[in-house]
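In what follows, a structure is listed as structure tokens, so that the remarks can point back to it.
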Amino acid sequence: MDALIHLGGGFLLALQPYHLLIMVIGVLVGVIAGALPGISFVNAMALSLPFTYVMSPLAAMMFLSGIYVGGVFGGSISSILINIPGDPDSVPSCWDGYPITKRGESVKALSIAITASAIGGLASALLLTFVSPPFARFALTFDQPEFFAAAFLGLASVLAIGRGHFLLSLLSLFLGIVIGSVGSDPLYGLSRLTFGLPLLESGIDFVVVMIGIFAIAEVIEGLALRQKERFEVRDSARMKLLSVKDIWKLRGAIGRGTAVGIVIGIIPGAGAAVGAFVGYGIEKRVNKRGDEFGTGVEDGLAAPEAAKNATTGTALIPMLTLGIPGSAAAAIMLAALMLHGVLPGPMLFAKDPQMVYAIFASFTLANVFMIIVSVLIARFFGTLMKTDPAIIGAFIIAFCVLGAFGVRNNIADIYVCLTFGVLGYFMKRYGFPTAPLVLGVILGPLAESYFMASMANYSDQISVFFTRPKSAVLMGLAFLFIVWAVLPDIRNAARRMTELARASQRGVKP
Amino acid sequence: MERWKLIRDSALPAAVLAAAGLLISSQLSGEGALVTRGTWGPYSWPRAMLFGIALCAALLLCQKIGSYLGNRGPFPSHPAPQDGEAPGDRLVNPAASPDIGDDQDNRRAAVAIGALALYGIAIPTIGFAFATLAFMLCWLWLGNIRKYHVLVGVSVLGTAGIVYFFAKITTMPLDRGIGYFDTLSIALYRLLGIY
């Protein structure tokens, strides 16, 4: 009953004209940024961070949740219209969305996408609303070892996502953790890894790293590509909400996609991209027309669309209840709250339930306004996609510089951001995974502080993580993830060894 | 050629990372020992992570050398999905994507990186407004925009809009530069109605 009262209050707060306007602007920015190839919703959120400095914490969260929800859907527009995904999570939308467009039914494809996305997003927002409070109450029983185990699980799950490239992902993760540990240590306050440089004394902020690696690297790559991208929209960019009858026809795909997205959203490090791919993969297997997927099957578009938006709400559960962000988008939201002096975690639910429930309400509203905004501005997408990438790139860099500077009003952060931008470009170019590095920078300092506090409070006994039931369960899950992640590498190595042995027995080169 | 590519793209970076990890972790010392009350001091965590870097890099190096000696191309351009490959693999690891670096213009990339470095250096010297204007002109030119009205219009209006929003509305203390540039920045701010 309390939850419903709080939720009512949250809706009242979120529906205030100022908050609503901020959220609608956020959705608009998100949909447009998502639709433009080269700008992902994470980039858009990172670039919008400096704009939140002048907002209240709630308005900042509403703005960012609007960008998040709108951006996750927006990527599908270019996937469907021009076969170029706006975001990595929109790749599966190309596979069946674009063939539908090629049949001259782009309105139908876009309508399926917006309807499935909205249903998935709304289900996820409702789950966020009703699961987070009991989870936060449960998290109140956590001590430092449990928090460390939760952060460790987050780090381990990053490796699980990079399955098949375990060593590279682990190396990238370690690099990220080391970058995150530059500056003062959390327990003694001694500086480390600063190499005598004053600009590193205050540490490297993860927002600065994220802006550099996600946004600047992308822009450099765009400019370095030999062929200048020119996007031509083949068909009309109108869309509408599907009728109940049409939704009923797609109920299986939307339902399964939503369920998959909700579960994947909770897993730290997974997010919309993995949700969309897994949603598509599962639908292909279970759908009666699975063999026809890739030729323009409606279910093949609806499932990943529902799945990727269904990750948006549940991805925030670990961030809001534990203060541990499981994705880049959640980390940006965490940064926005922290910049305003709000510390997410179980205590936030007790101290400021009104704001928490207003955030929940904003997620629900963002999914509704995503439909309205997308339908209204759909006709302009064709023009938007013809914008020269160089113009967009120049503005992105300027916003990146401002975003990095604005974190602490420190010029050194601009240099750090640009350096990570260049580093990110080379990492992308040479096939070095960037996601584990970024998650390492975000989760590394949290894990270290919980680890050091645990050691200080429990007589330096590492066993404390395995003897306390809750942390033992979390650690067990983490090790399961690691084993699952490393298995393909071991299997490949064993296969290779066998091949080599057979070849040498035959006296020929493999 | 293949050997050189292996050394340049894989073996050398892995060897450098392994050496750097070991070297930096061995250099981590100082007041840590004085303040540490238990087993875990201020350098324990980064040292463990640096050791992890060294270990992973060394294992990667062995893997690359092993695959080369086994006469297996170390850089399969279109690796086939393997059994049990997770759906997110190709997103997390761009190495699984087809030849990312091959369609890129090295000279343009180098000039773009140079422009970024100059932009960063120029901000404290000539001020954010003029550095951004110069950067935008340069970036649009690099992006093959040759119509002067687009080049100048986008740069001037874009810079003015950005400066107005961030200096006036968010009251961000943007660098004004030194000497004449400080005076010029103040004049620009007055023109834009910021001061």
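Naming convention: chains lettered A, B, ... in sequence-line order (proteins, then strands); numbering from 1 in each chain.
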Item to complete: Could you go through the side chain to side chain contact (heavy atoms under 4.5 Å, CB included) check for B/Y119 and A/I414 one step at a time?
Response: CA-CA 10 Å; B/Y119 184 30; A/I414 295 179; over 6 Å; no
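- Closest heavy-atom contact between A/A398 and B/M136: CB-CE, 4.3 Å.
- Once rounded to the nearest 0.5 Å, the distance linking CD1 of B/I162 with CG of A/L402 reads 6.5 Å.
- Only the side chain of B/V150 comes within less than 4.5 Å of a heavy atom of chain A; its backbone N, CA, C and O stay farther away.
- In this structure, A/L170 and B/C56 approach most closely via the heavy-atom pair CD2-SG, 3.5 Å.
- Of the residues considered (B/G120, B/A110, B/G21, B/S44), B/G120 shows the highest number of contacts with chain A, using heavy-atom pairs under 4.5 Å.
- Rounding to the nearest 0.5 angstrom, the gap separating the CG atom in A/L168 from the CD atom in B/Q63 is 8.0 Å.
- Centroid-to-centroid, the aromatic rings of B/F166 and A/F51 come within less than 6.0 Å.
- For B/L17, the part sitting under 4.5 Å from any heavy atom of chain A is the side chain, from C-beta outward, and nothing else.
- For chain B, the nearby parts of A/A447 are the backbone and the side chain; heavy atoms of each come within less than 4.5 Å.
- Using modelled atom types, one side-chain atom of A/R192 and one backbone atom of B/P42 make a donor-acceptor pair closer than 3.5 Å.
- Options A/V182, A/I411, A/L173, A/V401 differ in how many heavy-atom pairs under 4.5 Å they form with chain B, and the most are formed by A/V401.
- With rounding to the nearest 0.5 angstrom, the CD1 atom of A/I216 is 11.5 Å from the CD1 atom of B/I113.
- When heavy atoms are compared at a cutoff of 4.5 Å, A/S184 does not approach chain B at all.
- Summarising the geometry, atom CD1 belonging to B/I53 is positioned 9.0 Å from atom CD1 belonging to A/I177; distances are rounded to the nearest 0.5 Å.
- Ranked by heavy-atom pairs under 4.5 Å with chain A, the list B/C138, B/P46, B/A112 is led by B/P46.
- A/I179 does not touch chain B: none of its heavy atoms, backbone or side chain, sits under 4.5 Å away.
- Residues A/V178 and B/W45 fail the side-chain proximity criterion, which asks for heavy atoms closer than 4.5 Å.
- The heavy-atom pair separating B/I145 from A/A390 by the smallest distance is CD1-CB, 4.1 Å.
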Worksheet item: For B/M49 and A/L193, what are the C-alpha separation, side-chain angles and deciding distance, and is it a side chain to side chain contact (heavy atoms under 4.5 Å, CB included)?
Response: CA-CA 12 Å; B/M49 299 304 137; A/L193 301 167; over 6 Å; no
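- Between the CD1 atom in B/I123 and the CG atom in A/L418 there is a gap of 7.0 Å [rounded to 0.5 Å].
- B/L59 touches chain A through backbone and side chain together, each having a heavy atom under 4.5 Å away.
- If you tally non-hydrogen atom pairs under 4.5 Å between each of A/F195, A/Y280, A/F399, A/F405 and chain B, the highest count goes to A/F405.
- The heavy-atom pair separating A/Y425 from B/A109 by the smallest distance is OH-CB, 3.3 Å.
- To the nearest 0.5 Å, the span separating CG on A/L223 from CH2 on B/W139 amounts to 5.0 Å.
- A ring-centre distance under 6.0 Å is not found for A/F174 and B/F51.
- The number of heavy atoms from other shown groups lying within 6.0 Å of CZ (B/R190) does not exceed 12.
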